[in-house]
4 protein chains.
Amino acid sequence: MKKKQNIIETATKLFASQGFDGTTTLQIAREAGVTEPLIYYHFEGKDDLFTHIIEHGFKVYLERLDSLKLETAYQFEKIEKLVEVHFNFVREMPDEIYLFFSTCPAKLKDKSHVCSKKLQQQRRWLDAYLTSCIEKGVKTGEFYPIPIKETVSLLFALISGIVRQRGLHLNTLKGMRITTIEFCRRSLVK
Amino acid sequence: MKKKQNIIETATKLFASQGFDGTTTLQIAREAGVTEPLIYYHFEGKDDLFTHIIEHGFKVYLERLDSLKLETAYQFEKIEKLVEVHFNFVREMPDEIYLFFSTCPAKLKDKSHVCSKKLQQQRRWLDAYLTSCIEKGVKTGEFYPIPIKETVSLLFALISGIVRQRGLHLNTLKGMRITTIEFCRRSLVK
Amino acid sequence: MKKKQNIIETATKLFASQGFDGTTTLQIAREAGVTEPLIYYHFEGKDDLFTHIIEHGFKVYLERLDSLKLETAYQFEKIEKLVEVHFNFVREMPDEIYLFFSTCPAKLKDKSHVCSKKLQQQRRWLDAYLTSCIEKGVKTGEFYPIPIKETVSLLFALISGIVRQRGLHLNTLKGMRITTIEFCRRSLVK
Amino acid sequence: MKKKQNIIETATKLFASQGFDGTTTLQIAREAGVTEPLIYYHFEGKDDLFTHIIEHGFKVYLERLDSLKLETAYQFEKIEKLVEVHFNFVREMPDEIYLFFSTCPAKLKDKSHVCSKKLQQQRRWLDAYLTSCIEKGVKTGEFYPIPIKETVSLLFALISGIVRQRGLHLNTLKGMRITTIEFCRRSLVK
DNA sequence: GATGAATGAGTGTTCATTCAT
DNA sequence: TATGAATGAACACTCATTCAT
């Protein structure tokens with residue numbers, strides 16, 4: 001059973017660093033210290049292995065997101081928490097979150113593919129969360145009178161941009177977390 | 001010569017939508033209405049075709065970036081221009097810019113690869129441009145006293161996040177351009 | 001022990017309907033409700049399982065054939081009995097007899113293979129039986145003066161053709177038995 | 001283009017002697033003196049190659065059958081011609097006709113498969129031809145008053161049995177042709 | 001008796017690439 | 001320029017079989 005875990009971890013790392021198409025089952029097997037057929041004993045195929053990784057990582061990710069749904073006095077606090085969750089997640093599971101945000105878009109073409117569905121679900125979740133935050137913040141006067149949809153989209157882009165950077169190990173500055181939060185605060189909070 | 005152009009355009013579109021590894025030379029040939037060997041007549045191989053696309057797109061991209069090096073009274077104006085250049089570029093050459101920002105990172109592993117070099121060049125250019133801007137802005141008091149490196153990194157993440165979104169056609173709101181600029185202005189300018 | 005029987009019955013059905021090469025041990029195991037290694041506990045391998053089926057079916061088949069060796073007043077009665085034995089056998093053990101007559105000939109290439117030997121034995125038995133019948137029938141004037149070898153071969157072809165048809169469920173007419181016998185009678189008996 | 005023909009001929013021979021599942025593409029390639037990918041250049045895959053063989057052989061076969069549709073004074077003449085066509089065909093294209101009559105029934109399970117369709121077509125053709133013959137023969141008193149359907153089925157079984165024998169090289173007697181015809185004549189014609 | 005985990009050797013198939021024309 | 005024919009190397013995947021338990 002340790003070998004199955006080996007396969008999963010190796011595959012996650014390789015998919016994140018080389019893409020799905022750029023990673024071969026032989027490579028996964030070798031780096032995991034197993035033979036190729038074992039992958040097919042534990043999973044239905046390369047696609048299924050990928051799906052398993054996405055689904056598992058996504059489950060953990062969603063649990064964290066759901067823990068954010070507590071009431072707060074200020075809307076910005078919710079945005080702050082959201083940013084922090086992503087910083088924490090990318091530190092603990094950098095490959096998984098990188099896959100959510102950067103999977104080679106070939107996979108996304110097939111709308112019925114599990115990955116496609118999960119990623120849409122993620123997008124909808126963040127959208128709903130951010131929209132609610134900003135709408136309230138604008139209404140109560142906590143935030144500047146800013147366009148809702150555009151700001152949601154922008155925050156999503158910012159978060160995914162940062163996650164991608166970290167996933168690629170292009171940005172390892174310690175102060176990013178606080179800088180990002182303050183950057184957003186000045187933009188949003190009156 | 002029209003066929004060569006066909007190959008380039010088709011390849012650009014396919015690489016952007018399916019990734020480098022997910023696109024075959026046969027697919028490029030068929031969609032471009034030519035035969036496979038013709039690709040090898042015009043280019044040394046699949047890698048060379050990809051390189052050509054990146055280099056050409058990059059040349060145009062750099063020309064636009066270089067046109068920004070004019071003196072301005074305010075540093076934020078430079079950032080504003082930079083954002084605008086990217087919005088323009090992604091509208092005119094969505095596939096090319098998507099490739100710069102999102103190429104499946106397999107290619108990036110080989111640091112000596114032309115693509116890798118170009119992309120690093122891009123990063124250095126933006127880094128230098130933004131660092132200079134923000135340093136000056138902070139020094140002159142135009143900007144808040146913010147950490148330089150982190151803010152540069154954040155702006156880079158924001159821009160690449162937005163470009164990716166547009167490249168994937170996930171975000172087609174008209175107000176994004178002005179919203180983005182105002183978002184940054186409030187964060188940076190006192 | 002019921003599981004062993006399950007394996008045998010499932011394998012017989014699958015070999016007959018899909019051929020030896022078209023049937024996998026996994027398929028046999030699944031449809032028999034056991035795991036693959038159990039097949040290897042009871043048999044030496046796939047080949048051995050096949051051999052066992054052929055040999056067992058052949059034993060039953062031969063016993064029936066041997067019961068025909070009783071003396072009869074008329075030679076045609078012996079042919080009639082032979083045809084009837086095959087009609088009975090194909091009704092009771094359709095898969096087994098189908099395998100004798102139609103096994104994908106790949107197996108037959110290896111002349112030393114048990115299956116090959118059994119099938120040759122069958123052929124020799126039928127050959128001897130029919131040759132003796134027809135020779136006598138012709139000599140005594142019961143039959144028309146027909147060429148021996150060719151008629152034997154023809155009757156063998158007819159029987160195997162009918163068995164194949166039934167094994168493939170292509171021919172389920174009730175009157176086939178009597179029609180076949182009368183067809184042969186008119187051809188043979190003066 | 002000679003190589004394509006090589007592939008077809010080699011594959012025909014191997015499919016006939018080892019079955020579809022028992023023949024590998026590598027084996028076909030080697031015996032045809034080509035490399036495996038060439039098979040995939042000329043055909044879509046192993047299935048397509050098989051289909052091509054069946055379709056081509058079947059076309060020739062049907063052309064011969066269609067040449068039988070001439071009017072004759074006696075119905076038995078039509079049956080005689082039918083038997084002769086099969087004897088000729090099996091002498092000239094033994095592998096092809098063997099495939100029609102003996103293809104591993106796995107293929108036949110998929111009713112939509114081209115092979116399945118062709119074989120059904122063959123059966124319908126022979127059925128219609130023989131039914132018409134025998135009905136007329138019985139009505140005019142040329143034949144004995146025999147059951148139509150059963151006799152058709154029997155003749156089909158006889159022909160396919162003989163073809164199988166010859167395809168397997170189990171029966172190479174020269175007198176088979178005339179013996180078969182006379183056997184049928186005595187059975188059918190008053 | 002019975003099984004979950006594992007594998008060496010292959011299987012059909014695809015790919016980027018080449019070559020003769 | 002342009003292509004039909006061809007291939008070495010690799011690919012995802014399957015198979016019959018084994019072994020520790």
Side-chain angles (χ1 to χ4, degrees), chain A residues 1-4 6-7 20-29 32-50, chain B residues 1-4 6-7 20-29 32-50, chain C residues 1-4 6-7 20-29 32-50, chain D residues 1-4 6-7 20-29 32-50:
Chain A
M1 268 323 203
K2 227 187 73 196
K3 289 197 176 180
K4 183 176 180 182
N6 259 5
I7 291 171
F20 180 83
D21 291 311
T23 304
T24 73
T25 50
L26 181 59
Q27 204 184 357
I28 295 169
V34 301
T35 56
E36 255 187 305
L38 193 62
I39 297 175
Y40 292 86
Y41 177 76
H42 287 298
F43 303 94
E44 278 170 39
K46 195 185 169 188
D47 262 314
D48 183 48
L49 171 55
F50 185 70
Chain B
M1 266 324 206
K2 225 186 74 195
K3 290 196 175 182
K4 183 175 180 181
N6 259 3
I7 291 170
F20 180 82
D21 291 311
T23 304
T24 72
T25 50
L26 181 58
Q27 204 183 356
I28 295 169
V34 302
T35 55
E36 267 185 296
L38 194 61
I39 296 176
Y40 290 83
Y41 177 79
H42 287 298
F43 304 94
E44 278 170 38
K46 194 185 170 188
D47 263 315
D48 182 48
L49 171 55
F50 186 69
Chain C
M1 266 327 202
K2 228 188 70 195
K3 289 196 175 181
K4 183 176 180 180
N6 259 4
I7 290 170
F20 180 83
D21 291 312
T23 304
T24 71
T25 50
L26 181 59
Q27 206 183 355
I28 295 169
V34 302
T35 55
E36 266 185 298
L38 194 61
I39 297 176
Y40 289 83
Y41 177 79
H42 288 298
F43 303 95
E44 277 171 39
K46 195 186 170 188
D47 262 315
D48 182 48
L49 171 56
F50 185 69
Chain D
M1 266 323 205
K2 227 187 72 197
K3 289 198 177 181
K4 183 176 180 181
N6 259 5
I7 291 171
F20 180 83
D21 291 311
T23 304
T24 71
T25 49
L26 181 59
Q27 204 183 356
I28 296 169
V34 302
T35 55
E36 260 187 302
L38 193 61
I39 297 176
Y40 291 85
Y41 178 74
H42 286 298
F43 303 94
E44 278 170 39
K46 195 185 170 189
D47 262 316
D48 183 49
L49 172 55
F50 185 70

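Just so you know, these numbers come straight off a predicted model, no measurement behind them.
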Atom-to-atom span, CD1 of A:I39 to C1' of E:dG8 - whole angstrom
15 Å

Using a cut-off of strictly less than 4.0 Å, decide whether B:T25 has a side-chain nitrogen or oxygen near OP1 or OP2 of E:dA16.
yes

Rounded to whole angstroms, how far apart are CD1 on C:I7 and C1' on E:dA2?
10 Å

Please tell me if A:H42 has a side-chain N or O lying less than 4.0 Å from either OP1 or OP2 of E:dG4.
no

Spacing between B:I28 atom CD1 and E:dT14 atom P, to the nearest angstrom
18 Å

Could you let me know what E:dG10 is paired to, Watson-Crick or G-U wobble, both distances under 3.5 Å, or none if it's on its own?
F:dC13

In this structure, CD of A:E36 is separated from CG of A:L26 (nearest 0.5 Å) by 4.5 Å

Below the 4.0 Å mark, does E:dA2 have OP1 or OP2 next to a side-chain nitrogen or oxygen of C:Y41?
no

Just the rounded figure in Å: distance from P of F:dT3 to CG of B:L26.
13 Å

Closest-nucleotide mapping onto DNA chain F: is A:G45 or C:K46 further toward the 5' terminus? I mean the 5' end.
A:G45

Any strand counts, and the cut-off is 3.5 Å on both contacts for Watson-Crick or G-U wobble. Which nucleotide pairs with E:dA20?
F:dT3

To the closest 0.5 Å, what do you measure between CG (C:L38) and CZ (C:F43)?
9.5 Å

Compare side-chain N and O positions of A:Y40 against OP1 and OP2 of F:dC13 and report whether any pair is under 4.0 Å apart.
yes

Interatomic distance, B:L49 CG vs E:dT17 C1' [rounded to whole Å]:
14 Å

Would you check if B:Y41 and B:K4 make a side-chain contact, meaning some heavy-atom pair closer than 4.5 Å?
no

Heavy atoms from C-beta onward define the side chain here; which of E:dG4, F:dA16, E:dT14 lies closest to that of C:T35?
E:dG4

I need the CG-C1' distance between D:L38 and F:dA6, as an integer number of Å.
6 Å

If you look at every strand shown and take non-hydrogen atoms under 4.0 Å, does D:T24 touch a base, only sugar-phosphate, or nothing?
sugar-phosphate

Interatomic distance where CD belongs to D:E36 and P belongs to F:dA10 [whole Å]
15 Å

Under 4.0 Å, counting only non-hydrogen atoms across every strand here, what does C:K3 touch: a base, just sugar-phosphate, or nothing?
sugar-phosphate

To the nearest angstrom, the CZ-P distance between D:F43 and F:dA5 comes to 12 Å

Spacing of D:I28 atom CD1 and D:L49 atom CG [to the nearest 0.5 Å]:
5.5 Å

Would you kindly compare D:P37 and A:V34 by the position of their nearest DNA chain E nucleotide and give the one closer to the 5′ end?
A:V34

Respond yes when some side-chain nitrogen or oxygen of C:K2 is under 4.0 Å from OP1 or OP2 of E:dA2, and no when none is.
no

Any side-chain heavy atom of C:F20 within less than 4.5 Å of one from D:D21?
no

